[in-house]
Amino acid sequence: MTLAPNSLQARDIAYTVHPYTNLRQHEQQGPLVITGGKGIYVTDDDGKDYIEGLAGLWCTSLGFSEKRLVEAARRQMERMPYTHTFAGRSSEPVIELAEKLIGIAPAPIRKAYFVNSGSEAIDTAIKLIWYYQNARGLPQKKKIIARQRAYHGITLAGGHLTASLAYTSSGFDLPMMDRFRHVTAPSYYRYGLEGESEAQFVDRLADELEQLILAEGPETVAAFFAEPVQGAGGVIVPPKGYFEKVQAILKKYDVLFVADEVICGFGRTGNWWGCNTFDIAPDLVTCAKQLSSAYLPIAGLLMSDAFYQVLADQSANLGTLGVGYTYGGHPVAAAVALETLKIYESDHTIEHVQAVAPRFLERLRRLESHPLVGEARGVGLIGGIEIVKDKATKEQFDQQLKANAQVVAKCLAHGLILRPLPGDTIGICPPLIISEQEIDLLFDRLEAGLDDALGVMPMAA
Ligand SMILES: Cc1ncc(COP(=O)(O)O)c(C=O)c1O
């Protein structure tokens with residue numbers, strides 16, 4: 001590859017380090033430089049348009065040209081560009097945003113704490129859970145359970161929850177803390193046993209969770225973290241009844257439920273929260289991404305009053321609640337998030353998702369007739385397909401082949417951006433503003449990409 005020395009590509013290679021990237025490969029291939037966006041489309045520096053089939057990183061719910069968010073940021077920057085939230089300092093956008101969020105939050109959530117990213121929200125949740133258990137006089141109660149293939153960010157603590165995804169932990173000496181455990185991910189397609197019904201699968205997973213808590217000792221288990229739909233681990237939609245059984249067990253052993261709504265929050269599953277879709281009553285909620293349609297970084301850790309009261313007493317005992325980030329509760333990001341929530345209401349975004357989701361899910365499920373697709377699963381406007389070599393046996397391709405990445409590359413050539421995920425899956429998660437016609441176009445392009453990939457894949461005989 002020869003690049004003009006002054007091209008954006010050459011300068012990116014010269015100066016930039018990219019996350020989740022094979023850096024040597026990147027030196028050869030260079031970046032895809034996105035220079036513009038309109039609605040559900042983004043444009044590269046060659047002027048080629050793509051459907052953003054993953055809404056960036058599951059986040060740009062309102063697409064790429066929402067002027068009201070630009071205006072909200074400009075207004076707040078002019079008025080008061082920065083203040084913090086340490087030591088009781090506050091700002092109007094933070095107060096209004098907290099009030100609005102609590103107004104729509106799933107019961108029994110009553111308070112909001114702001115940070116800058118999903119990872120920070122998760123990390124803070126872990127710290128505050130330990131603080132909470134110490135405050136309750138239960139210093140042994142510190143272990144946290146997550147699911148295999150969970151994605152809860154990659155800070156050192158949160159990385160322990162995500163650790164079953166090898167690429168996030170290998171090379172980083174994780175795990176280094178013996179406080180984290182994992183149970184099976186609720187993918188009936190992949191982990192259901194021969195002859196096991198879906199209901200039996202749910203019972204088995206519930207039993208696995210209970211046995212783990214008992215084996216560890218309930219007095220040592222503090223919390224369970226779960227994405228309502230597991231996103232970055234391969235879009236795993238839980239079977240019916242799964243969360244009902246899980247919650248009953250957690251209650252029995254005084255284990256907190258942390259709902260990681262970083263992807264699901266704000267309409268993705270067809271309701272305000274994944275918690276609404278799956279009847280979850282969480283003690284804590286993490287949210288980010290669609291909170292501001294990703295126009296500025298902001299995330300929230302929402303908590304029940306019962307949890308808050310313990311923190312408040314302990315902060316009085318110790319003299320302070322010793323957490324906080326310089327930019328947490330940034331007034332400009334809060335103003336943009338507040339405007340985002342107002343747009344969801346004024347533009348009836350959740351109702352729109354409910355209206356177009358049947359088309360999305362119908363086109364998604366149709367993919368199951370494609371020879372490369374073992375399962376197509378989804379809810380609301382989030383979907384995933386699992387690529388297999390043999391549909392009858394569910395056998396997967398050799399992982400070295402990176403079959404899903406090959407499909408994604410073919411889709412890119414057809415003007416559709418998607419993302420390969422663990423378990424040879426592909427995530428589909430367009431901006432929530434997508435129309436039915438655009439859904440059709442997205443799936444037409446995805447089908448074309450699958451057909452192209454089929455031509456080059458070593459299928460089972
Ligand atoms: C469910 C979930 N939690 C947490 C995170 C981490 O968020 P961030 O990348 O903003 O740190 C992500 C990121 O994709 C996520 O999907």
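Only a predicted model underlies this, so the values are computations on that prediction, with no experimental measurement involved. We count ligands from 1, going down the list as the structure has it; atoms in each ligand are counted the same way. Just so you know, residue 1 is the first one in the sequence shown, and it goes up from there.
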*Run the numbers on K252 and E210 for salt bridge (Lys or Arg N to Asp or Glu O under 4.0 Å), then give the verdict.*
CA-CA 10 Å; K252 187 165 159 192; E210 182 158 23; 2.7 Å; yes
_Taking 4.0 Å as the limit for heavy-atom contacts, which would you say applies to A232 with ligand 1: side chain only, backbone only, both, or neither?_
neither
*Just jot down the ligand 1 atoms closer than 4.0 angstrom to any heavy atom of G118, in number order.*
6 (C), 7 (O), 8 (P), 10 (O), 11 (O)
*asked:* Within the 4.0 Å heavy-atom shell around S117, which atoms of ligand 1 are there?
replied: 10 (O), 11 (O)
*Relative to the heavy atoms of G153, which atoms of ligand 1 are at a distance of less than 4.0 Å?*
4 (C), 5 (C), 6 (C)
*Are the side chain of W273 and the backbone of I104 linked by a donor-acceptor contact shorter than 3.5 Å?*
yes
*Gap separating the CG atom of L209 from the CZ atom of R204, nearest 0.5 angstrom*: 13.5 Å
*Does atom NZ of K38 have more than 12 heavy-atom neighbours from other groups under 6.0 Å away?*
no
*For ligand 1, the portion of E227 having any non-hydrogen atom under 4.0 Å away*: side chain
*For residues S61 and Y344, is any side-chain donor paired with an opposing acceptor at under 3.5 Å?*
yes
*atom 9 (O) of ligand 1: which protein heavy atom is closest, and how many Å away?*
S119 OG, 4.4 Å
*Which atoms from ligand 1 have a heavy atom of D260 less than 4.0 Å away?*
1 (C), 2 (C), 3 (N), 4 (C)
*Salt bridge or not for K111 and D305, using N-O below 4.0 Å?*
no
_Counting only nitrogen or oxygen atoms and a 3.5 angstrom limit, does H152 reach ligand 1?_
no
*Below 3.5 angstrom, do we get any N/O pair linking W58 and ligand 1?*
no
*Does the distance from a Lys or Arg side-chain N to an Asp or Glu carboxylate O, for R74 and E71, drop under 4.0 Å?*
yes
_The test is salt bridge (Lys or Arg N to Asp or Glu O under 4.0 Å); show your working for E198 and K240 and say whether it passes._
CA-CA 8 Å; E198 196 171 82; K240 226 165 144 242; over 6 Å; no
_Under a 4.0 angstrom heavy-atom cut-off, which atoms of ligand 1 come close to I263?_
16 (O)
*Would you kindly specify which portion of E120 sits under 4.0 Å from ligand 1, judged on non-hydrogen atoms: side chain, backbone, both or neither?*
neither
